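Naming: A, B, ... by sequence-line order, numbering from 1 per chain. In this text the structure is predicted, and so the values were computed from the model without any measurement.
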Number of protein chains: 2
Amino acid sequence: MNIHDLAKHLNISIGTVSRALNGRSDVSAETRKRVLDAARKLGYSPNQSGRSLRRGSTGMVGFMVIANRSRAVRGEAFFMTVFDGVQSVLAKHNLDLVIYYCGDEQSPETYVQRIVERGLVDGLIVSQTTRVDHRIDYLLQQNLPFIAFGRSQSGGDHSWIDLDFEGVAEESIDLLYRLGHRRIAVATTAGDVNYGFIYAEACRAALKRRGLELDDDLIIREAISEAGGYRVGERLLAMKQRPTGVVSVENSLAIGLYSKLKEAGVEPGRDIAVVGFDETPTFGLFLQPSLTRFRLALVDLGRWLGEHMAELIEAKRSGKAAPVAHKIWPLEMVPGASTIPLLSAAGGGETVALRPETKPARRVRRASETAGS
Amino acid sequence: MNIHDLAKHLNISIGTVSRALNGRSDVSAETRKRVLDAARKLGYSPNQSGRSLRRGSTGMVGFMVIANRSRAVRGEAFFMTVFDGVQSVLAKHNLDLVIYYCGDEQSPETYVQRIVERGLVDGLIVSQTTRVDHRIDYLLQQNLPFIAFGRSQSGGDHSWIDLDFEGVAEESIDLLYRLGHRRIAVATTAGDVNYGFIYAEACRAALKRRGLELDDDLIIREAISEAGGYRVGERLLAMKQRPTGVVSVENSLAIGLYSKLKEAGVEPGRDIAVVGFDETPTFGLFLQPSLTRFRLALVDLGRWLGEHMAELIEAKRSGKAAPVAHKIWPLEMVPGASTIPLLSAAGGGETVALRPETKPARRVRRASETAGS
DNA sequence: CGGAATTTCGTAAACGTTTACGAGATCAAA
DNA sequence: TTTGATCTCGTAAACGTTTACGAAATTCCG
């Protein structure tokens, strides 16, 4: 069933059929109706290969995820939620979302190269960026709209979106500091994915603003998973001078951490303060004691990606310059019972309510300001 | 950069270039090397649209997931793990996996129809089958290799794979029965997705084999999510005659259930027995007390899908009959501390070790056989 | 050395669309 | 009726491949 068959069936030319299906103006209303009706009845849709070949565009947007570059795709529902947002927006622009899943056997760089060279997509979203990301270097040389989900140090101006790791780090450290904690560990990701470094450095900066140094021993890098969080717990418990609080870049870390701590009789929220990250997996919401964490509108983030991608593609189609955008996506703290005031600390901390105001002040407090309890 | 450019650059014809790139025999070794080198150097890969159009096949396999048909795609890492297995196998057969994410605005039926009519894929995997699934009815009329991930009642012979819900139900009920439980609730999914019914009916049958009736009130249908599990807990606790054990078709249900039970001071594994399902999300592994659950080799399941799809496509290409396959995928029980002998039960149960053997006997025991403790 | 067999390559058609172009039909205005 | 203008449609080229076919070059063998 192709356009010739349909045209023959209607006794008109293929040109007219095509124009009718594509909503062109130079076809009579009556003919258009006949064509559309027949197409539906006979189950005809234009062949995508033929259309793409002629048009020079496929109408597809790629989203590349990498299996084993933490955040470990397999272990989480994170990306599925993002897809939801992207897909819903792209559909409105007559674009399809296809997900390219880069397994272990493939190199992400050659995978991207193949996708581009073969003309598979009109636009590409790459996620899980590394500090130096050759995919981005490559894409910058091509004439294909793309967005990076995650920052990288690669030069060149291109669109990207990333979570507000700095904001989360600042609020996390601020909360613990105000609760009196002075020895704080940072659980972050191993591997060279970029956000692990961003988060750790942001924590270091937040501590520094409060007159504290972040000892390198207190940066605990583990794979992003519950098992990784468990190992974080092991390493924490093995420390000679145990930290009184932990902040972590991922909830699955917090989940495994809880598990190890409880096993050792160290109760989160009573014996040690724990700050998580976003609310995916949703499971994190069901930890006990409830985890202090950050709300993240992940579907909306996906929508932003879809909107901006549609813009980029439209700009290219009409020959305009690409509207480059950079976006830091905010998260909102949700206080839980896992962060408690440190009563036993020498010198004590500032007295604060166990449940801080929902929007904690971002004002930086210096150690000299704090009053004893 | 297309095949003409490359041919011109090498001073040979496009036919030869194409043959060289496609590994045909009628091209000299020297010429082939020149072509391959130049292609790599100049960054040329054959345009997919042109190739698909000429070949009549796209080299792509579609995997369709539906956003909000439980198991809720967004809430879980389940499918990502399957993708991993599928992708790794398909890659060996020079096939690409593309994931079609069917959002809320789209009807799954018309989405499938569009994918088929436009010739987007050489094969299609559809998941989250309903009892009557019109996608399958439609696909049976088309000439496209497809596999259903999940059974349905739609007639017609086609390949499918599904989890062994019957086996899990039998083992779950058997365990609780042998521990002395006689009033057992079944937590399963709401909506018309097929496996929710399969599981509930299998539990009913397993109970019947032991001389017990499954009261309809004890079948608790809720959305597959932690929140759904929480509501399961609410409904359990509201019952006049509270069940002593619960089996559930999904771990996220168990997670939410734990949360509600603990909130009410009802300790899983002490006051009520809980049996979970598979180990996704991995988080379920970190529940306390540890959850009795079933190990599921989900990556291998994905590999099976990939292998069989490659077979189907190869068979069609060579004009052979499609090798239809039906597969029930096994799960293996992992006993945890959430299933305990019911000491307080009138009449008591069979005395069994708290940790049953790793492979509990499937032999059906009748009530008359059981000995008092 | 002649002819057949084999190797290597160029030519051109075909895959299913979209769209520029132009032609015929219709219509309004003079 | 004539002349444009407008509406509607058919024709044919083009998109980038793959591959059947045949031709030229080479090798083989008697």
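For A/Pro46, whose side chain is taken as the heavy atoms from C-beta onward, the closest listed nucleotide among C/dG16, C/dT18, D/dT8 is C/dT18. Closest approach to the A/Val27 side chain among D/dC9, D/dT17, C/dT18 is made by D/dC9 (side chain taken as heavy atoms from C-beta onward). Considering only side-chain atoms of B/Asn2, the nucleotide from D/dT18, C/dG16, D/dT17 that sits closest is D/dT17. In this structure, the nucleotide among C/dT18, C/dT11, D/dT18 sitting nearest to the side chain of B/Asn22 is D/dT18. Among the nucleotides C/dG10, C/dT17, D/dT17, the one closest to the side chain of B/His4 is D/dT17.
A donor N or O paired with an acceptor N or O is found under 3.5 Å between the base of C/dG10 and the side-chain atoms of B/Arg19. Residue side chain B/Arg54 reaches the base of D/dT18 through a donor-acceptor N/O pair under 3.5 Å, judged by distance alone.
For B/Ser45 and B/Asp26, each mapped to the nucleotide of DNA chain D holding its nearest heavy atom, the one lying further toward the 5' end belongs to B/Ser45.
Remark: side-chain polar atoms of A/Asp122 are not paired, donor with acceptor, to backbone N or O of A/Val61 under 3.5 angstrom.
Note on A/Arg24 versus A/Asp26: no salt bridge recorded, every NZ/NE/NH1/NH2 to OD/OE distance being 4.0 Å or above. Checked for salt-bridge contact, B/Arg317 and B/Glu314 meet the test: a charged N lies under 4.0 Å from a carboxylate O.
Here C/dA20 presents its P atom at 15 Å from CD1 of A/Ile14, a figure rounded to the nearest Å. The CZ-P distance, from B/Arg55 to D/dA20, rounds to 12 Å in whole Å. One atom, CZ of B/Arg24, and another, P of C/dT8, lie 15 Å apart when rounded to the nearest Å. Atom CG of A/Leu10 is separated from atom P of D/dG10 by 10 Å (rounded to the nearest Å). In this entry the distance linking CD of A/Gln48 with P of D/dG16 reads 16 Å, nearest Å.
For the pair A/Asn47 and C/dC15, the criterion of a side-chain N or O lying under 4.0 Å from OP1 or OP2 is not met. Using a 4.0 Å cut-off, no side-chain N or O of B/Thr16 falls inside it from OP1 or OP2 of C/dT8. For the pair B/Ser28 and C/dT7, the criterion of a side-chain N or O lying under 4.0 Å from OP1 or OP2 is not met. Considering only side-chain N and O atoms, B/Arg51 lies under 4.0 angstrom from the phosphate OP1 or OP2 of D/dT18.
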### Task
Start with the C-alpha gap between A/Gln142 and A/Glu117, add the side-chain angles, then the distance that decides, and say whether side chain to side chain donor-acceptor pair (under 3.5 Å) holds.
CA-CA 9 Å; A/Gln142 309 304 122; A/Glu117 285 178 0; over 6 Å; no
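In this structure, B/His9 places its NE2 atom where only 12 or fewer heavy-atom neighbours from other residues, nucleotides or ligands lie under 6.0 Å away.
Residue contacts for A/Gly56: at a heavy-atom cut-off of 4.0 Å it reaches no nucleic acid atom on any strand shown.
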